[in-house]
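Before any comments, here is the structure.
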Amino acid sequence: MSQDPTDVDVLVVGGGQAGLAAGYYLRRAKLDSAILDASTVPGGAWQHYWDTLRLFSPAAYSSLPGRPMPHQAGQTYPDAAHVVGYLAEYEKRYELPVHRPVQVRTVENSDGDGLLVRTDSGSWRARALIMATGTWSRPFIPALPGRGSFAGRQVHTRGYRTAADFTGQRVVVVGGGNSGAQIAADLAGHAAAVRWTTLRPPRFLPDEIDGRALFEIATRRVTGDGPRISDLGDIVAVPPVREARDAGRLTAHPMFERMEPDAVVGEDGERWPCDAIIWCTGFRPALGPLTGLGLRGGGGRIPTDGTRALADARIHLLGYGDWTGPASATLIGVGRTARTAVNEIAGLLR
Ligand code: FAD
């Protein structure tokens, strides 16, 4: 016998940094809400990052609304475990109504003007919904001729934990973003050889630009002032990346065009024998549960005005990158878009 859905005003899907920032403002707005998170423990994607990853910014510039991130002893740039601890403490401190593990499967229109949300453990009915599912659960690897024939090991950024797992191996790292640069730098000294391959020549941001400066640039862009971050570069020159680059250990090669069982092969036919490939080729927004609502536009993406889905004012997308608000995929930046989303929802429900 199926149970009646649980009713709330606003349902947040995802309990990472974006979901918690939404929870903070929903609480302040005194809206009846719940946060459904598929993870068994707090921390969102931060619980899965590799051991040497450090934040782009000092703790004071990596805070969610209301509660500054404490300094991590001995570290200017905190590690991922410190962020997990901070997020766990944050949801406890504000008594955010997080339910986990709860996997949201589908969102549908319910009778009346509500939304029916089906999960792996019961259903919910809400008057508005904030998607804050991040991208971690949807890794992207490009299709390449011969990929299936490669006999060595292939992992995506998602599966990378420590350089020691690749000791003595010849490793190809694919991707010209932050993950690719950081992992290629991390492997030097462990792997027997590292070949970093990128689609375009890598673009390092000026060394003085860290997460704090990026946030300031993004903030100026809100008023249409100053350059876009993408005009300045793609890769934050965090200390390990800078050191590897300056020591000549971080040289990029053009992307290969096909794979063989024991090698990658370039456009010019050059073969580079290798034991492992690490795909730092990004992620896609985890918005599968919304499919049935038909919100997507021509380009496959859900068109938004800020965080609000153009086709349905009850639905907001939070934390997916500049597309859903400048710097919204950062700890320091997501608060601003969360506040706007909650204000809009409060206006709608009033
Ligand atoms: P997530 O942290 O992924 O949380 C989403 C949550 O939603 C997860 O708990 C997941 O289980 C849950 N979920 C997903 N689908 C469902 C579903 N169907 N039902 C229920 N729950 C669901 N940001 C910074 O601010 N500073 C940095 O220095 C920084 N460095 C980074 C370095 C790297 C290499 C990378 C990859 C990212 C970095 N980021 C940094 C970005 C930041 O880590 C992410 O943008 C951030 O974790 C996204 O937060 P989120 O809450 O949107 O998503």
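The shown structure was predicted, so the numbers you read here are calculated from the model rather than taken from an experiment. Counting starts at 1 for both ligands and their atoms, following the listed order.
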[atom]: the protein heavy-atom neighbour that sits closest, reported with distance to 0.1 Å:
atom: atom 18 (N) of ligand 1; result: Val104 O, 3.1 Å
atom: atom 16 (C) of ligand 1; result: Thr133 CG2, 3.6 Å
atom: atom 1 (P) of ligand 1; result: Ala45 N, 3.6 Å
atom: atom 40 (C) of ligand 1; result: Trp46 CH2, 3.5 Å
atom: atom 7 (O) of ligand 1; result: Gly14 CA, 3.2 Å

Per-atom contacts, ligand 1 versus [X] - under 4.0 Å to a heavy atom:
X: Ser179; answer: 34 (C)
X: Leu53; answer: 32 (C), 33 (C), 34 (C)
X: Ala132; answer: 5 (C), 7 (O)
X: Ala18; answer: 51 (O), 52 (O)
X: Leu36; answer: 20 (C), 21 (N)
X: Gly319; answer: 52 (O)
X: Trp50; answer: 34 (C)
X: Gly16; answer: 4 (O), 6 (C), 51 (O)

Any Gln17 heavy atom less than 4.0 Å from ligand 1: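 Yes; Gln17 lies near enough to ligand 1 that a heavy-atom distance drops under 4.0 Å.
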Are any of the heavy atoms in Leu20 under 4.0 Å away from ligand 1?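 Outside the 4.0 Å threshold, so no.
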Check: [X] side chain, [Y] main-chain N or O, donor-acceptor pair, under 3.5 Å:
X: Thr304; Y: His316; result: no
X: Asp120; Y: Gln103; result: yes
X: Arg100; Y: Leu36; result: no
X: Arg195; Y: Val173; result: no
X: Ser63; Y: Met69; result: yes
X: Asp305; Y: Arg308; result: no

Between [Y] and [X], is there a salt bridge with N-O shorter than 4.0 Å?
X: Asp275; Y: Arg153; value: no
X: Asp207; Y: Arg245; value: yes
X: Glu260; Y: Arg258; value: yes
X: Arg125; Y: Asp4; value: no

At under 4.0 Å between heavy atoms, which part of [X] makes contact with ligand 1: side chain, backbone, both or neither?
X: Tyr49; answer: side chain
X: Val13; answer: side chain
X: Ala286; answer: neither
X: Asn178; answer: neither

Considering Leu317, Ile183, Asp37 one by one, which has a heavy atom nearer to atom 8 (C) of ligand 1 than any of the others? Asp37
Closest to atom 26 (N) of ligand 1 among Thr119, Val41, Ile35, Leu55 (heavy-atom distance):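 The option holding the nearest heavy atom is Leu55.
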According to salt bridge (Lys or Arg N to Asp or Glu O under 4.0 Å), who are the partners of Glu208, at least two apart in sequence or on a separate chain?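 Not a single residue meets the salt bridge (Lys or Arg N to Asp or Glu O under 4.0 Å) criterion with Glu208.
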With Arg67, which residues qualify under salt bridge (Lys or Arg N to Asp or Glu O under 4.0 Å), at least two apart?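 Per chain and number, Arg67 pairs via salt bridge (Lys or Arg N to Asp or Glu O under 4.0 Å) with Glu89.
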Examine Gln47 against ligand 1 and note whether any of their N/O atoms are separated by less than 3.5 Å. no
Does any N or O atom in Leu331 lie less than 3.5 angstrom from one in ligand 1, N or O only? yes
From CA spacing to verdict: side chain to side chain contact (heavy atoms under 4.5 Å, CB included), Trp279, Phe140: CA-CA 9 Å; Trp279 298 96; Phe140 170 76; over 6 Å; no
